[in-house]
Chemist: 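I'd like to ask you about the structure that follows.
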Protein chains: 2
Amino acid sequence: MPADDAPADDAAAAGEVELGPKASRTRSAIIDAALRLFREHGFEATTMRAIATEAGVSVGNAYYYFASKEHLIQAFYDRTQADHARSAQRVLDRETDLEARMIGVVEAWVEVMEPYRAFAGTFFKNAAEPTSPLSPFSPESTPARETSIDLWRQVVQGSDARIPKVLRAELPELLWLYFMGVVLYWVHDPTPGAARTRLLAGRTVPMVVRTIGLARLPVLRSTLADLLALIQDLKGISA
Amino acid sequence: MPADDAPADDAAAAGEVELGPKASRTRSAIIDAALRLFREHGFEATTMRAIATEAGVSVGNAYYYFASKEHLIQAFYDRTQADHARSAQRVLDRETDLEARMIGVVEAWVEVMEPYRAFAGTFFKNAAEPTSPLSPFSPESTPARETSIDLWRQVVQGSDARIPKVLRAELPELLWLYFMGVVLYWVHDPTPGAARTRLLAGRTVPMVVRTIGLARLPVLRSTLADLLALIQDLKGISA
DNA sequence: CAAGTGTTTTGAACATGTTCAAGAAATTGG
DNA sequence: CCAATTTCTTGAACATGTTCAAAACACTTG
């Protein structure tokens, strides 16, 4: 599998790439062609032959840069994640209210993804396979996941909300998990403009924020403690 | 697509089938062959040619009964869902404690699925695609979903727990959703015997039950009301 | 510059899911 | 029992993701 020793497919994830100008340009051409075709005809309907032709290279060459058709999705992820981070930053720079920050980040994501809505489901189909390196829970996507969780860490840290001490450490990860839930909902949301997803986020975010505040109350304390202990224990059982 | 007018692939779901004995036997042979091969070599590694050969029919014939390789998964679902229902019933017949009933139903499911753990992920990959008829949220799988939700209705109704009135109507569906979450976790659980998943269920079920009890408290009342209202609203927005 | 070494590119060949036109087998109607 | 009709079965053909050996290219070294 030549592509494995070839320029790393996910190199763009970290932001830095060290490739010759030629290789780099071919790679970009393939990604551009692929994303354009994906957007126009969907993932399944786009053939590797079509991508190669559109990019002006041979099929084999495309496989030199991307181990499989699925691996092109990684490139898509990297691109949209960067777009999202940029877009979210604009909100985070000006808002200090936790609720507004959370909603802002979710809305930014929905907006960035809008052009790809129609076929993003196909993407997530592949991402849903546990053994797939594209799964958001896979070891291979650890860097991307960390980047994503960091965004939620920022959401929390930059806010003026008073977070109960017990929650501090785990909250960003928990919010990321909440966000994954929103994404899952979005994938199945057929409404134009993702209306349902926006409604879901707009209404659940306040609940989440309120619940965080409630966490210090005695009634919820013990349940929360149970939950946090469980998370620790789950992490403890090795694979 | 001849198979579309052919004996319905999901006929077994409802339980009743009206097919000639010959057709029925061929169909069963294909399913048996497929599931055996899936269990032994996994989903991807099993070719339609192998399934056909193992079942003693031609490839084309397999496609007469099943529109695609994915559609064989539906048969798998139907089978395991029936097994689960049977197994869960034994618990429901003897337990009245809500917590015990819930844990029993989850444990029964984990046990039924254990032989398929290794490759079940591949199944769910396909189920995760929103447009796939195999998605648990798709219109096509409405009957199967209803059956599954009914099981949780039974869990609630047969218990001696005092359920807050506001929750009564939605609780079974919410528990089913909780169960889907457990399933999602299970899919990604690499521990032998699904140890992590069992731990998750054993610890979260008591939290869920406790939270149900807490729902009548004033602090949670409003949040719960918001949540229920949201569910109604989400159902309201048409696709 | 020539030889050597590593990188990039090519297109034919392969594997497998799927289709389809044709035929065999069963069923029905007279 | 024959003809017509429906159901079932077949295997070759097709589409597309993927591989691979060979060639083209780029770059270093003597």
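Protein chains get the first letters and strands the later ones, always in sequence-line order, with residue 1 at the start of each.
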Chemist: Check whether A/Ser148 reaches the backbone of A/Ala144 with its side chain - one donor and one acceptor, N or O, closer than 3.5 Å.
Modeler: no
Chemist: Between atom CZ in A/Phe43 and atom P in D/dT16, what is the gap in whole Å?
Modeler: 14 Å
Chemist: It should be established whether A/Tyr64 places a side-chain nitrogen or oxygen under 4.0 Å from OP1 or OP2 of nucleotide C/dT9.
Modeler: no
Chemist: Counting only side-chain N and O atoms of A/Thr26, is one of them less than 4.0 Å from OP1 or OP2 of C/dT8?
Modeler: no
Chemist: Name all residues meeting the side chain to side chain donor-acceptor pair (under 3.5 Å) criterion together with B/Trp152; count only those two or more places apart in sequence or in a different chain, and write none if there are none.
Modeler: none
Chemist: Does OP1 or OP2 of D/dC8 have a side-chain N or O of B/Asn61 closer than 4.0 Å?
Modeler: no
Chemist: Ignoring hydrogens and angles, state whether a donor on the side chain of B/Tyr64 or B/Thr26 is under 3.5 Å from an acceptor on the partner side chain.
Modeler: no
Chemist: Whether the A/His71 and A/Ser68 side chains hold a donor-acceptor pair (N or O, under 3.5 Å, no angle test) is what I'd like checked.
Modeler: yes
Chemist: Rounded to whole Å, how long is the line connecting atom NE2 of A/His71 with atom P of D/dG17?
Modeler: 16 Å
Chemist: Does the ring center of A/Phe38 lie less than 6.0 Å from the ring center of A/Tyr116?
Modeler: no
Chemist: Does A/Tyr63 make a side-chain N or O approach to OP1 or OP2 of C/dT10 shorter than 4.0 Å?
Modeler: no
Chemist: With nearest nucleotides of DNA chain D determined for A/Gly60 and A/Ala45 from heavy-atom distances, which residue corresponds to the more 5′ nucleotide?
Modeler: A/Ala45
Chemist: Whole Å only: how far is the NZ atom of B/Lys69 from the P atom of C/dA15?
Modeler: 16 Å
Chemist: The criterion is side chain to side chain donor-acceptor pair (under 3.5 Å); which residues satisfy it with A/Thr46, sequence neighbours excluded?
Modeler: none
Chemist: Measure the distance from CZ on A/Phe66 to P on C/dT8 and round it to the nearest whole Å.
Modeler: 13 Å
Chemist: Give, ordered by number, those residues of residues 46-58 of chain A having at least one heavy-atom distance below 4.0 Å to an atom of DNA chain C; if nothing qualifies, reply none.
Modeler: A/Arg49, A/Val57, A/Ser58
Chemist: List the atom of B/Met102, the atom of B/Val208, and the distance in Å for their closest heavy-atom pair.
Modeler: CE-CG1, 4.2 Å
Chemist: Whole-Å distance between D/dC8 C1' and B/Arg25 CZ?
Modeler: 14 Å
Chemist: To the nearest Å, how far apart are A/Ile30 CD1 and C/dT8 C1'?
Modeler: 11 Å
